[in-house]
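Here is the structure we will look at.
Just follow the structure's listing: the first ligand is 1, and inside any ligand the first atom is 1.
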Amino acid sequence: MQNDLTSKIPLRENMKNIKNIFSYTYKIDKSAYFLPALKILLNAIKNALSLVLSAQILEMIYQNSPMEEIIRPVILLLAMNFLLTMAASVLQEEWIGPIRANVRRTFDGNLAAKFQRMDYSLVDSPYVKKLYERIQTDNTWGSGMTNIFWDFDAIMGAICNLVCSFTVAFPILKIIFTSHSLQMYLGLVILFCVLWLLTLAAAKTEAIYHQQLLNNPMDEYPPEVMKEYISFSWTWIMRCLGGEYHFIKDIHLYDGHDLMKKYTSENRREQENLTCWSAKSGKLGGRLGLLRGSTDGLMLLAGYFISAAYALLGTFPIGSVIKFAGSITGIFRSLQSIDANYRSISLNARKQASTLEMLQISDEMYKGKLPVEKRMDNRYEIEFRHVSFKYPGTNQYALKDFSLKLRIGERMAIVGMNGSGKTTMIKLLCRLYDPQEGQILLNGVDIRKFAQDEYINLFSVVFQDFKLLSLPLGQNVACSMDVDQSLALESLRQAGLAQRLGSLAHGLDTYLYQDIRDDGVEISGGEAQKIAIARALYKNAPFVLLDEPTASLDPLSEYEIYSSFDSMVGDKTAIYISHRLSSCRFCDDIVVLHEGRLVQRGSHETLLKEEKGKYYQLWNAQAQYYT
Ligand code: ADP
């Protein structure tokens with residue numbers, strides 16, 4: 001992983017970055033490069049022919065050729081200019097523009113999709129977290145692929161112009177070289193020195209400009225612009241998720257991918273109509289444009305001056321002044337453009353290197369294909385068999401030699417102090433991670449063998465750090481674009497939100513929060529919990545898991561929510577997690593975890609009888625909060 005965009009990197013690494021971004025986008029659509037190359041070729045031909053024809057016309061005028069003879073190259077020049085310009089612009093408007101927009105959309109979309117779909121264990125790994133931060137910093141500059149395409153066009157154009165200019169200049173240079181005249185040589189040396197100095201000056205300016213660009217990252221988009229158009233689908237997802245990547249697990253568990261995709265592609269399209277330039281880089285760019293214009297002008301001036309001198313000396317005919325001045329300055333301007341755009345493309349490709357690195361991460365978890373048996377009677381049995389697990393990048397076991405069978409239709413509570421492994425157990429059960437040792441079995445089959453989507457469908461989970469999206473309420477409950485209205489309303493009602501729902505002007509279509517829409521409603525923490533619970537009810541999965549979504553509430557309110565939830569879940573298997581023992585005392589089956597191990601299991605009454613047990617100790621320690 002690279003460290004800092006402002007640090008110098010070797011040519012080889014630059015080339016590798018450029019090659020990587022080209023080959024990735026080339027695979028998306030080859031024509032994003034072929035068609036522009038054709039357009040560049042047309043432009044180069046146009047420039048070279050213009051030069052040659054203009055020279056011919058000037059020569060004819062100088063030699064007092066008859067009008068009807070002069071008119072021919074004039075018409076040819078005009079027609080050729082018109083046709084080639086038209087062809088290039090049709091190519092741009094009809095093909096290149098839309099094709100490249102699609103490549104950009106796909107590129108951004110791939111990143112968003114990658115992040116959403118990659119193994120959650122990777123999303124949560126220190127490596128991906130760092131990479132994620134890197135992408136955010138790297139994308140602070142510029143507009144991603146758009147700049148790379150511009151740089152590509154500029155470099156290709158410059159190479160073409162270099163070849164054409166050289167071809168035009170060559171015969172004249174030959175005349176000068178074979179003239180054996182000191183004046184001729186001197187003129188050429190002076191011209192080369194002036195052009196070279198101007199090229200160096202321009203290159204230096206470009207270098208300063210790029211350094212300034214690096215030291216002045218793009219301004220943030222103004223909030224009012226952000227609200228309407230969101231820069232990248234990637235950014236948009238993060239906004240929906242409140243900027244917290246680990247909430248991706250809700251998208252995994254509730255299969256919210258299509259919901260995300262729909263919104264990201266819509267927003268991406270909207271964004272294409274927007275050009276929002278950073279004030280700082282805009283100002284810098286303006287100054288650079290001025291400098292580029294001035295050096296170009298000075299180059300041409302020097303070219304004409306010396307060429308005119310040659311013409312006066314009678315070295316070559318007057319028409320060649322245009323050819324020579326145009327082509328010789330063309331050579332230097334092309335060299336300068338290659339240098340400038342190489343700098344630019346190096347920086348832009350480097351900015352995309354972290355994104356490409358993310359795109360190229362391979363999933364690690366084994367993905368089985370076995371279908372999950374659909375059982376109307378919900379007779380699913382889950383068993384943890386000697387399961388041990390450490391989080392990526394840590395040496396400590398979060399769960400150690402953990403064995404447990406879940407009895408169908410029962411309520412089970414998992415209790416224990418913070419950090420004892422309760423949430424980890426749920427994450428393993430939902431296959432957000434795989435254990436390093438032992439197995440988790442569904443009806444006797446290792447859960448790794450099942451098709452992930454089908455397996456996940458068995459669980460409705462509400463995590464402590466659940467996340468609602470800044471999208472309409474109904475879509476939040478369904479975690480989908482398709483909302484079963486009556487089921488969503490019923491789930492919200494069951495979760496205790498009937499009254500609040502009545503106060504919402506747009507009902508299920510009301511946007512939550514205001515970071516996407518101004519008319520969104522702000523909801524309290526308690527209401528958010530209820531919506532999250534409604535989402536779990538809506539999913540109607542055979543296993544319901546509540547992992548302390550109520551942690552911010554006081555113990556009594558938590559107890560109330562847990563016990564009322566218990567009446568909602570009917571004949572489903574429910575697992576309640578809490579570090580507060582009181583919340584779960586209604587459960588027939590209480591499992592006590594301590595330092596990643598199962599230390600006790602039984603009902604509240606039996607566990608309290610074991611005075612040396614962890615449960616007894618914890619109960620007494622917490623008793624002060626609820627007696
Ligand atoms: P509980 O739910 O009982 O509070 P957890 O299952 O969240 O406990 O945590 C068990 C252990 O794993 C703790 O030591 C915790 O610090 C550690 N842990 C939890 N999540 C992560 C993570 N993403 N990366 C590294 N360690 C973690």
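An N or O contact shorter than 3.5 Å links D124 to ligand 1 by distance. Polar contact check, Q396 against ligand 1: no nitrogen or oxygen pair lies under 3.5 Å apart. For ligand 1, the polar-atom distance check against K422 finds a nitrogen or oxygen pair separated by under 3.5 Å.
Residue-ligand proximity, T394 to ligand 1, at heavy-atom distances under 4.0 Å covers atoms 25 (C). Close approach of ligand 1 to M417 (heavy-atom distance below 4.0 Å) involves ligand atoms 3 (O). Listed by atom number, the atoms of ligand 1 under 4.0 Å from S420 heavy atoms are 1 (P), 3 (O), 8 (O).
Checked by atom type and distance alone, the side chain of Y538 pairs as donor or acceptor with a backbone atom of D484 at under 3.5 Å. Checking side-chain atoms of D255 against main-chain N and O of D453 turns up no donor-acceptor pair under 3.5 Å.
When distances from atom 15 (C) of ligand 1 to the protein are checked, no heavy atom turns up under 4.0 Å.
Cation-pi contact between K427 and Y120: absent, since separation from the ring centre below 6.0 Å together with deviation from the ring axis within 45° is not met. Figure legend: K467 and Y513 shown as a cation-pi pair, the cationic atom lying under 6.0 angstrom from the six-membered ring centre and within 45 degrees of its axis.
Salt bridge status for D589 with R601: present, with a side-chain N to carboxylate O gap under 4.0 Å.
Protein heavy atom closest to atom 25 (C) of ligand 1, with residue, atom name and distance, is Y391 CB, 3.3 Å. From the protein, the heavy atom lying nearest to atom 10 (C) of ligand 1 is G419 O, 3.5 Å. Nearest to atom 7 (O) of ligand 1 among the protein's heavy atoms is T423 CB, 3.7 Å. Looking only at protein heavy atoms, the nearest one to atom 5 (P) of ligand 1 is T424 OG1, 3.5 Å.
The shortest distance between side-chain heavy atoms of Y511 and V521 does not fall below 4.5 Å.
Side-chain atoms of N110 and Y24 form a donor-acceptor pair, as typed in the model, at a separation below 3.5 Å. Checked by atom type, the side-chain pair E437/H386 shows no donor-acceptor distance below 3.5 Å.
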